[in-house]
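Since the model is a prediction, treat every value here as computed from it, not as a measurement.
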Amino acid sequence: MAQKQNYAVKMDLLKQKKIAAGLVSDCFPEVSGMVIVMTYFRKGLNPFLMLRTVNVFPSAYAYFNMDCMISGCTDGGFDLSPVIKEMVKNITNRKKEPLSAKGKMPTLHQTMHT
């Protein structure tokens, strides 16, 4: 029962963060939509982990924290807000920037290119 309550609190906090971030249409009125393509890598023999595409519409929240995709990673993920703000400011359509997950991972390292 405590696990359900913790999950509900976590989801409520996430909802509050999204609302506080505002809508894409309000934060970036000049943007009609975004497609974020991420390639995840890790250290090891086979570094490619996965390809992930996220479509962001003007009606979506301007909350750009992407969860870590590796099981066992706690409090991980990527905050793309600074990258997206810079791209909108500079009117840049593409940016390739390696980012490291901020979570605690047992034996893996994860990097993402946007």
Treat each ILVMFWY residue as a node, draw an edge where side-chain heavy atoms are under 4.5 Å apart, and state whether Met66 and Leu14 are in one component. no

According to the side chain to side chain donor-acceptor pair (under 3.5 Å) rule, which pairs have a member within residues 18-37, sequence neighbours left out? none

Shared hydrophobic cluster, Leu23 / Phe57 (ILVMFWY, side-chain heavy atoms < 4.5 Å): no

What is the ring orientation for Phe28 with Phe64, classed by angle as parallel under 30°, tilted 30 to 60°, or perpendicular over 60°? tilted

Sorted by chain and residue number, the side-chain hydrogen bond (donor to acceptor under 3.5 Å, both in side chains) partners of Ser81 (sequence neighbours excluded) come out as Asp79

Measure the spacing between CE of Met38 and CZ of Phe78 and express it to the nearest 0.5 Å. 8.5 Å

So if you build clusters from Ile, Leu, Val, Met, Phe, Trp, Tyr with side-chain heavy-atom gaps below 4.5 Å, do Val37 and Phe41 land together? yes

CE (Met34) and CG (Leu80) are apart, to the nearest 0.5 Å, by 10.5 Å

Counting heavy atoms not belonging to Asn93, are there more than 12 under 6.0 Å from its CG? no

In short, side chain to side chain donor-acceptor pair (under 3.5 Å) pairs touching residues 45-61 with sequence neighbours left out are Tyr40-Arg52

Membership question, hydrophobic clusters at under 4.5 Å side-chain separation (ILVMFWY): are Val88 and Tyr63 in the same one? no

Residues that, via side-chain heavy atoms closer than 4.5 angstrom, fall in one hydrophobic cluster with Ile91: none

In this structure, are over 12 heavy atoms from other groups packed under 6.0 Å from Phe48 atom CZ? yes

From CD1 (Ile36) to CE (Met87), nearest 0.5 Å: 8.5 Å

With sequence neighbours left out, write down each residue that passes side-chain contact (heavy atoms from CB on, under 4.5 Å) with Leu13, or none if nothing qualifies. Gln16, Lys17

